[in-house]
Structures are given as C-alpha cells and as structure tokens.
Student: 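Okay, handing you the structure first.
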Amino acid sequence: MERILVTSALPYANGHIHLGHLVEYIQTDIWVRYQKLRGRRCIYVCADDTHGTAIMIRAQQEAVREEELIARMKQAHQRDFAGFQIQFDNYGSTNDPENRALCIEIWSALRRAGLVSQKEISQLYDPVAKTFLADRFVKGTCPRCQAPNQYGDSCDRCGAHYSPTDLIDPISTISGARPEVRSAQHLFITIEKLHGFLDDWTQNSGALQPEIANYLKGHFLNEPLRDWDVSRPAPYFGFEIPDSPGNYWYVWFDAPIGYISSTKQWCDRHGQRLDDWWRSEQSEIHHFIGKDITYFHTLFWPAMLKVAGFNLPKKVHIHGFLTVNGEKMSKSKGTFILASTYLQYLDPAYLRYYYAAKLSSGVEDIDLNFEEFAGKVNADLVGNIVNLASRTARFVQGQQLSAVYPDDKGLFARAAADAQQIADAYQQCDFARAIRIILAAGDRANQFIEQAAPWNLRNDASGAERLRDVCTIGLNLFRQIAVYLAPVLPRLAEQTGELLGVPIRHWDESQQPLLGATVSEFKHMLRRVDRHKVEAMVAASAEPEEQQEGSPNNLPIDSDEALRAEPLAPQISFEEFAKVDLRVARVLEAEEVEGAKKLLKLTLGLGGDHRRTVFAGIRGHYQPQELIGRLVICAANLAPRKMKFGVSEGMIVAVGDDSGVYLLYPDQGAKPGQRVH
RNA sequence: GGGCCCGUAGCUCAGCGGUCAGAGCAGGGGACUCAUAAUCCCUUGGUCGUAGGUUCGAGUCCUACCGGGCCUACCA
C-alpha cells in the first residue's frame, strides 16, 4: 500500500485532555510510529471538534466569543499531546474554512443522491437562553417513578426512557427557566436507502472487529435505519447550511469531515493532492475511536463517504474505556487526571509503556492501577530493559564496540527472528503481545550478562577483549530491544542513538548488530517511578469540594499508637512557642552525603538570595531528585550546628521514625520566606 | 426492555478442540554486587464463575443461569 492515513477521534473543545483520552492517542501514535519505522508512507491527522450547543453555552458562561474559546482549547490540547510525544502530521479544527468547504461538498452529494429530507420536530426550548435544549440540558421529575432531578432522556433511578416533554416540572439546566415546546424544521438524511450497502460493509469488509460487526447487526441493522437529524436551528455554533438559511449542521455531521479537512491542510502544505489520500486505491484509511462513538463511525460516516465518493475506512479500530484503580474516573477520588497534571509529576514514557503493555486489539476496557503502574514500569522497563544498558555501557565508556560480533550463543539471532511476530502484533494493535515478546528477549539478555559477569573481567588486563565482547553483546541486545520499543518509547530510542552514536531510524536495524561504534558516557535514560509523585498527582487531581461531601462516618479510625509511643510534651506558653521561627522554604539542591548513612544535604531557598544549608536525616526515605523544587517547612532561627559533614543551618520539619519519614509540605499557594503562625 | 463484551493462581493477563493449565508481579528461600534496592536461580499458589450438553477428548464449541462492565441513534 502506497499511503496510510490514520486518524484519532477529534477531542471536543469543551474540555481538557485527560488520561482516558490518552489511551486512544497513545494507541494511535504507537501504531503510526510503527508504520513510519517500517518505512511506510503514513500520516496521522487530527483536529479539535469545535461545534455544538455545549460550546455555545460555555462561551456564554465565560462571556467570550466561541472562536476565542476554541482557539484557547486547541492550544491546550496541542500542548498536552506534545507532552506525551503524540506526533500529528496535521492538527486542525472543525471550524477551519477547509472543513466548511468539504461539508458543502459532501452535503451537495447527499442532496444530489436524494437523501436529504425535511421534517418538523417538536423540542423543548429555553425562552431565557433562547436556545433549543438537547436532552442532557433538561432536568425534571421522572414520569414513571417520580424520582426528582432526572435528565431529559431517561431516569437513572428506575431506568425508564421517555421524551423530555414527558418530564414533570422540567427545567433548563442552562438558565433554570421552564422550557416550552417549540417546533422547528429539521433536515434529515435518509440513511435507510444505504441499508444494503451498510449490511455488506459492516459484515464483510473486514473493517470492523467481529464483536462490533455483531453489535451493529443485532442492534441497528436488524430493522429499518431511522432518519438521521443533521440540522439544528439557530442559535447554534457551527456552519450554517448554505441551502437552508437559519439552520446549522449538527456537530456530528461536520466533526468526522474534520478528518478529511485536516488531511487537506497537510496536503496543501506538502504539495500533495487530497484525492491521492481520500479517493485512491493506493491509499488506506484507519480510524481509531472509542466504543462510545461506534455508530457514528460505522454507520453514518461510511454512508456519507460512500455517497460522496471518498474511500471507506480500511479499518475502524475501536478500543474500550479507561478505569482507574478498577473504577470509573472520579473527580472526588482524584482519579480524573488531566494530561497536564500528569506531566507535572510523571514522565510520559511511563504511561505510554503502561498503556502499550495493557492494550490488545479488543474493545475491552483497560484499567490503570497505580500500584501495578509503578511496579510494571520499574520492574519491566527500568529493571529489565534499561538496566541492560546501565549495567554494560559503563564498562566500555569512551571505547569502541568490537569490530566483529562475538559469539552470543544465538541470542541476537533469536531476538532478530522475533521481529516478525512483534511486527504482526503491532500491526494488529496487540501491543500487549509485542511487549511480552520483547520482555522475554530482555530476560534472556540479562541472563547472559549474569553468566558472562563482565564485572569480573574489568580489573584484569587479559580480560579486556572479553569484556569488550560481552558489552558489545549486551549493548546490541539492548539496542535491538530499543528498536522494537521505538514506537512506544521514542525518547528511549533517541537516547540509545545518542549512547551509541548511531540514531535508530528503521525497524530493520533490529536485524544486524552494530559494530565498532564509540560508546558515549552513560546517562540515566529513565528514572524509576516515584510512588510519592503518583500520590501527589492523585492528591492534586482531587476536587476538594466533593471530598467534603463524604460522610463523617467514612473518616478512618486512627489508633493512638503514635501518641502512646511518644507522649505529649509539657505545656508551654505562647511566648515560648513564638520563639520558634518556622518558614516556608524551597529545596533548591539536594544531594546524598558521602559517607553518611542517613543524611541528605539540602540547600533551602527562603526567597531572593537567602539560602540555608541543612543536613536532614531522611536519606533512604526520599530520593534527592524528587525533593528539588518542593516547598518544605524549615526551623529558621535554630542555632547552626557543626556536624561531621559540615554546618547545618536549620532543620526541616518532618514526622516519623526509622520505619518511615514524612516531610510536611505547605498547601498550594504558600511562598518561600513566609512564616508559620 | 434489547444488545455487546468479560469472568483462568492474591493482582494483571496469555492460552481460541488434543502433552500433568502458563507468564509477569506479589509471597517464601538462596546467589550475586556491574546496574536506577536493579539482576540471576529455586519455590508456594488455580476443582479455568456455576450447571448441563456436543465430542474419543473442552478454559477452549453450544445452552441456561450467576456475577461484572458497557452500549441503546434529534448525548458531545
């Protein structure tokens, strides 16, 4: 195939990217990077989905123009994606002029095919906000079970389905006004006329996973397809329909067209013809979507493409949802984690790897379990894979790898032969299988190094050649794995290129060992997951208001063990307390103290040039790296104390004993130098 | 109401009609010390949700039931 065009679903401009979205974008990005690594001509396009009532209302609430809102959100989305190394070839917007032009083109085709009809629809209307109300913007009392505060389409208490006009005492969630029933003319697409085509395409084209094909057959295609309502009366934020003034295309009509218009933008920038990508036998289209938007992409969208003469998707890859610690993401539990929040605390490589290790080609949900997340990354990635480089490169720093590949008992050849299986797994989106095969190669490599014991060869001149050979093998086995993992961990592939002086560019580099290359100084490629940071991320994501809603009965029952172990000190006066000057300080530097078992040497900043050197007995409980930048509380007027390793000019406040030490941190907003009162 | 998916060791999963059901992590024991408390070796652990059926033979196919998740078109 000459060209491969890949898309992810267009994120809605009404909210920020969170870890649930990222399942899809990371999955797609891995697949695209795999294709590119194989040397295939592949582009990855996406865009912001910007239209609809929700955007209009939000813009009203924030008192900005819609264009401003969506521009701001697009910028935020792109920054989040870049932070996770998701590499789009083009990122557009459904509000771009290219999209309008393509909407018109496809609309005309639907008109010409006689598929557009007009019908009058009765809908609830908010007279205050002056807008028609989608079901989700209406609340009221369930007509069946009398449950209050139910949405306009169904009751989550008794499960009844009804029309919003059946609700008792309905109110608009936008203005609080009582909605009235109004009717308006809507435009419909008679998708039933394409029923035969959809039967065939969904069941026989191979574009859909079997369970999806089944689902469609059992649910939609077993009866006449209902007409699809594709217009909304003004006011609506979207494109006005040229031949139906006052009506706008429903957001789900123009959203998928964004796939094409984003491609168009890329083509215009690269001197390519759009038709070579969207109307060509030599091009295949792959959509990656979540299961919630299945029918839009497997019924309406193929119907539109068919009528307008575009290529049909070669494959619609449908994935499940993300749960966190086994439950739906929850704002109150701090498991509704935004991409930007994650990036403040953790390396994106962790999540890319973790998702890859859990993703298969099915539509099952995947669970992000933080305990497993930390364990998997630390054990598999750092302990097994990266450790291969870490434990061999240092022996041959600044030297060259052997000129002839030494006898490695067939290890390199064996892993080279795995390439086909790994490639198949990537191609089928069964990344979990790819990772399993790759990890097995890592295990074999570690076993080899264990047996070859390079550390026993280094001090012996006669062992120098053998040492070089062993490290040549170890580093090549590592590099081979880095090639296989390059789609998942692009940064690791880059670092491997830097270490060995030859960049990784192609899958086939897994097939031949690298010889004679000069080994650079080894630098850590990936740090272990710091569980404190995971906790901090969850804490930062928790919405405090909802936490307070928790019943007092849910408070943990604390033992008085700590109090008994260390009884309260004698009472003091306020004046005595006030003598202690506690200050907020920022950790500017942190390092382990040579020769000391428990001490870390910290440089604290109190703002401006005011600095203190403090020795704290927290080594083993905190990594120096993780402390840098944090705010702590320091006893600032304590007399300096000479210690074996230098003078300590204060103390930092912490609780605990040898079994665990916990630093105290000021809440957000505190500034260095502020006094504790 | 209808539909789809899932239910295999404490956890995450592999196994998709045929050797005594496997891996990683966690747990237990040992070795090593090059490495980011990394690595290596050994080891504990499952009547494969339940009950029937098809078959010479079933986690593996069929049926029912139980449990969990999700979807159900003028919701983005």
Side-chain angles (χ1 to χ4, degrees), chain A residues 9-15 49-55 119 121-123 132 134-137 151-154 159-161 163-164 184 186 188 191 209-220 222 225-232 250-252 255 291-296 299-300 320-321 323 326 328 357-358 360 362-367 369 371-373 375-376 378-380 382-384 386-395 432-433 435-436 439-440 443 445-458 467 470-471 474 522 524-529 620 623 625:
Chain A
L10 313 187
Y12 198 49
N14 192 27
D49 177 17
T50 60
H51 292 156
T53 318
I55 300 289
K119 275 189 275 188
I121 286 283
S122 289
Q123 214 182 346
F132 283 93
D135 294 352
R136 54 189 290 242
F137 293 114
Y151 283 106
D153 52 351
S154 66
H161 286 259
S163 154
H186 283 229
F188 288 80
I191 194 175
Q209 287 130 302
E211 57 266 50
I212 299 295
N214 266 339
Y215 159 67
L216 295 170
K217 187 162 133 192
H219 199 87
F220 298 105
N222 61 350
L225 293 161
R226 292 185 228 166
D227 292 347
W228 183 31
D229 183 352
V230 292
S231 77
R232 295 292 180 277
Y250 171 51
V251 54
W252 263 111
K291 62 186 182 183
D292 52 331
I293 54 177
T294 295
Y295 56 75
F296 290 105
L299 297 176
F300 302 148
F321 293 145
T323 56
K328 270 191 176 179
K358 308 253 324 179
S360 69
V363 297
E364 300 92 49
D365 292 350
I366 70 168
D367 185 48
N369 177 285
E371 198 47 45
E372 189 200 19
F373 169 83
K376 234 178 168 46
N378 289 346
D380 296 355
V382 183
N384 182 330
V386 177
N387 190 36
L388 284 172
S390 185
R391 68 191 307 202
T392 50
R394 272 182 249 253
F395 293 125
R433 186 153 53 93
I435 298 284
R436 278 198 300 276
L439 281 177
D443 281 338
N446 271 309
Q447 286 163 18
F448 169 82
I449 293 169
E450 199 72 21
Q451 281 166 19
W455 51 92
N456 289 335
L457 302 167
R458 67 192 150 148
L467 178 62
V470 168
C471 294
F522 180 78
H524 277 188
M525 295 175 165
L526 194 66
R527 301 225 165 248
R528 295 167 57 76
V529 174
Q623 297 290 324
Q625 199 59 35

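None of the values given here were measured: they were computed from a predicted structure.
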Student: So how far is it from A:Ile212 CD1 to A:Thr294 OG1, rounded to the nearest 0.5 Å?
Tutor: 4.5 Å
Student: Can you measure A:Asp380 atom CG to B:A38 atom P for me and round it to whole angstrom units?
Tutor: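 Going from A:Asp380 (CG) to B:A38 (P), I get 12 Å.
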Student: Within this structure, what is the CG-CD1 distance for the pair A:Asp49 and A:Ile293, rounded to the nearest 0.5 Å?
Tutor: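 It is 9.0 Å, given to the nearest 0.5 Å.
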Student: Relative to the 5' end of RNA chain B, which residue comes earlier, A:Val363 or A:Gly383, by the nucleotide with the nearest heavy atom?
Tutor: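 Going by which nucleotide is closer to the 5' end, it is A:Val363.
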Student: Is A:Tyr295 side chain donor-acceptor paired with the B:C4 base, going by distance under 3.5 Å alone?
Tutor: no
Student: In whole Å, what separates the P atom of B:G59 from that of B:G17?
Tutor: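 After rounding to an integer number of Å, I get 13 Å for this pair.
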Student: Working to the nearest 0.5 angstrom, can you tell me the gap between A:Asn446 CG and A:Thr392 OG1?
Tutor: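 Those atoms lie 9.5 Å apart.
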Student: B:U39, B:C6, B:U36: which one has an atom nearest the side-chain heavy atoms of A:Arg394?
Tutor: B:U36
Student: Between B:C6 and B:C48, how far is it from one C1' atom to the other, in whole Å?
Tutor: 14 Å
Student: Think A:Arg232 has a side-chain N or O under 4.0 angstrom from the OP1 or OP2 of B:C74?
Tutor: no
Student: By the 4.0 Å heavy-atom rule, please label A:Ala54 as base, sugar-phosphate, or nothing.
Tutor: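 Nothing, no nucleic acid heavy atom in range.
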Student: Using atom CG of A:Asp443 as one end and atom C1' of B:A23 as the other, report the distance to the nearest whole Å.
Tutor: 10 Å
Student: When we call it a touch if two heavy atoms are under 4.0 Å apart, what does A:Tyr12 touch: a base, just sugar-phosphate, or nothing?
Tutor: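 Sugar-phosphate: the residue A:Tyr12, judged by heavy atoms under 4.0 Å, touches backbone atoms but no base.
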Student: Does A:Asn378 use its side chain to pair, donor to acceptor, with the backbone of A:Val529 at less than 3.5 Å?
Tutor: yes
Student: Can you find a donor-acceptor pair, distance only, under 3.5 Å between A:Asn387 side chain and B:A35 base?
Tutor: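 For A:Asn387, whose side chain was compared with the base of B:A35, there is a donor-acceptor pair (under 3.5 Å).
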Student: Using a 4.0 Å heavy-atom cut-off across all strands, classify A:Leu526 as base, sugar-phosphate, or nothing.
Tutor: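 A:Leu526: base contact, heavy atoms under 4.0 Å.
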Student: Please report the distance separating the P of B:U8 from the corresponding atom of B:U50, rounded so that it comes out in whole Å.
Tutor: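 Per the computed distance, 10 Å lies between those P atoms.
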Student: I would like to know whether A:Arg391 and A:Glu450 meet salt bridge (Lys or Arg N to Asp or Glu O under 4.0 Å); could you show each step before the answer?
Tutor: CA-CA 10 Å; A:Arg391 68 191 307 202; A:Glu450 199 72 21; 3.1 Å; yes
Student: Just how far, in rounded Å, is P of B:C74 from CD1 of A:Ile121?
Tutor: 10 Å
Student: If the cut-off is 4.0 Å, is A:Arg226 near the phosphate of B:C74, judged by side-chain N/O to OP1 or OP2?
Tutor: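 No, outside the criterion.
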Student: Can you tell me whether the base of B:G59 sits syn or anti, using the 90° cut around 0 to define syn?
Tutor: syn
Student: Given that A:Pro454 and A:Leu439 both sit by RNA chain B, which one's nearest nucleotide is further toward the 5' end?
Tutor: A:Leu439
Student: Tell me which nucleotide among B:A73, B:C40, B:C6 gets nearest to the side chain of A:Glu364.
Tutor: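 Selected nucleotide (nearest to the side chain): B:C6.
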Student: Which value, in whole Å, describes the distance between the P atoms of nucleotides B:G57 and B:C20?
Tutor: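 About 16 Å, rounded to a whole number of Å.
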Student: In whole Å, measure the gap between the C1' atoms of B:U60 and B:A21 for me.
Tutor: 11 Å
Student: Would you give the length of the straight line joining atom NZ of A:Lys376 to atom CD1 of A:Ile435, rounded to the nearest 0.5 angstrom?
Tutor: 9.0 Å
Student: Looking at B:C32, B:G69, B:A35, which one has an atom nearest to any side-chain atom of A:Trp455?
Tutor: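 Side chain of A:Trp455 sits closest to B:C32.
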Student: Reckon A:Gly52 touches a base, only the sugar-phosphate, or nothing at all at heavy-atom distances under 4.0 Å?
Tutor: nothing
Student: Where the side chain of A:Lys358 is defined as all heavy atoms beyond and including C-beta, which of B:A73, B:C13, B:A35 is the nearest nucleotide?
Tutor: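 Selected nucleotide: B:C13.
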Student: Which part of the nucleic acid, if any, lies within reach of A:Gln123 when heavy atoms closer than 4.0 Å are counted: base, sugar-phosphate only, or nothing?
Tutor: sugar-phosphate
Student: Pick the P atom in B:A51 and in B:C32, then give their distance to the nearest Å.
Tutor: 50 Å
Student: Rounded to whole angstrom, note down the P distance from B:G22 over to B:G46.
Tutor: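 Approximately 13 Å lies between the P atom of B:G22 and that of B:G46.
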Student: Counting only side-chain heavy atoms from C-beta out, which of B:U33, B:G24, B:C13 sits nearest to A:Arg458?
Tutor: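 The answer is B:U33, which lies nearest to the side chain.
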Student: According to a strict under-4.0 Å criterion, is A:Gln447 in side-chain N/O contact with OP1 or OP2 of B:U39?
Tutor: no
Student: Of all the heavy-atom pairs spanning A:Gly52 and A:Tyr12, show the shortest one and how long it is.
Tutor: CA-OH, 3.8 Å
Student: When we call it a touch if two heavy atoms are under 4.0 Å apart, what does A:Phe220 touch: a base, just sugar-phosphate, or nothing?
Tutor: base
Student: Between B:U12, B:A14, B:U36, which nucleotide has the shortest distance from any of its atoms to the side chain of A:Glu372?
Tutor: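 Side chain of A:Glu372 sits closest to B:U12.
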Student: I need the A:Asp292 CG to A:Phe321 CZ distance, nearest 0.5 Å.
Tutor: 3.5 Å
Student: Enter the distance from A:Trp252:CH2 to A:Tyr295:OH here, rounded to the nearest 0.5 Å.
Tutor: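 Going from the CH2 atom of A:Trp252 to the OH atom of A:Tyr295 covers 8.0 Å.
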Student: Rounded to the nearest angstrom, tell me the gap between atom NZ in A:Lys376 and atom C1' in B:C11.
Tutor: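 So the NZ-C1' distance, A:Lys376 to B:C11, works out to 10 Å.
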Student: Give the ring-plane orientation class for A:His524 versus A:Phe522, where under 30° counts as parallel, over 60° as perpendicular and anything between as tilted.
Tutor: perpendicular
Student: Begin from the C-alpha positions of A:Asp365 and A:Lys291 and carry the test salt bridge (Lys or Arg N to Asp or Glu O under 4.0 Å) through to its verdict.
Tutor: CA-CA 10 Å; A:Asp365 292 350; A:Lys291 62 186 182 183; 2.8 Å; yes
Student: Any base atoms under 4.0 Å from A:Val382, or only sugar-phosphate, or nothing? Heavy atoms, all strands.
Tutor: base
Student: Could you tell me which non-hydrogen atom of A:Met525 sits nearest to which non-hydrogen atom of A:Val386, and how far apart they are?
Tutor: CB-CG1, 4.0 Å
Student: Rounded to whole angstrom, note down the P distance from B:G24 over to B:C40.
Tutor: 10 Å
Student: Nearest whole Å is fine: how far is B:C75 C1' from A:Ile293 CD1?
Tutor: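 Value for this atom pair: 12 Å.
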Student: Grab the stems for RNA chain B, please: at least three consecutive Watson-Crick or wobble pairs, both distances below 3.5 Å, written as range with range.
Tutor: B:1-7 with B:66-72, B:10-13 with B:22-25, B:27-31 with B:39-43, B:49-53 with B:61-65
Student: Taking the side chain of A:Met525 as its heavy atoms from C-beta onward, which of B:A35, B:C70, B:U36 lies nearest to it?
Tutor: B:U36
Student: Nearest to the side chain of A:Val386, which nucleotide is it out of B:A14, B:U36, B:A73?
Tutor: B:U36
Student: Quick one: label A:Phe188 by what it contacts on the DNA or RNA (base, sugar-phosphate, nothing), any heavy atom closer than 4.0 Å.
Tutor: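 If one applies the 4.0 Å heavy-atom cut-off, A:Phe188 turns out to touch nothing in the nucleic acid.
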Student: By the 4.0 Å heavy-atom rule, please label A:His186 as base, sugar-phosphate, or nothing.
Tutor: nothing
Student: Nearest whole Å is fine: how far is B:G30 C1' from A:Glu450 CD?
Tutor: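 It works out to 13 Å between those atoms.
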Student: Roughly, in whole Å, what's the span from CZ in A:Phe522 to P in B:A38?
Tutor: 16 Å
Student: Report which part of the nucleic acid A:Val230 touches: base, sugar-phosphate, or nothing (heavy-atom distance under 4.0 Å, all strands).
Tutor: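 No contact.
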Student: Between B:U36, B:U33, B:C70, which one does the side chain of A:Ser390 approach most closely?
Tutor: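 Of the options given, the side chain of A:Ser390 lies nearest B:U36.
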Student: Closest to the A:Arg436 side chain: B:A14, B:A73, B:U39?
Tutor: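 The listed nucleotide nearest to A:Arg436's side chain is B:A14.
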Student: In whole angstroms, how far is the C1' atom of B:C71 from the CZ atom of A:Phe321?
Tutor: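 From A:Phe321 CZ to B:C71 C1': 8 Å.
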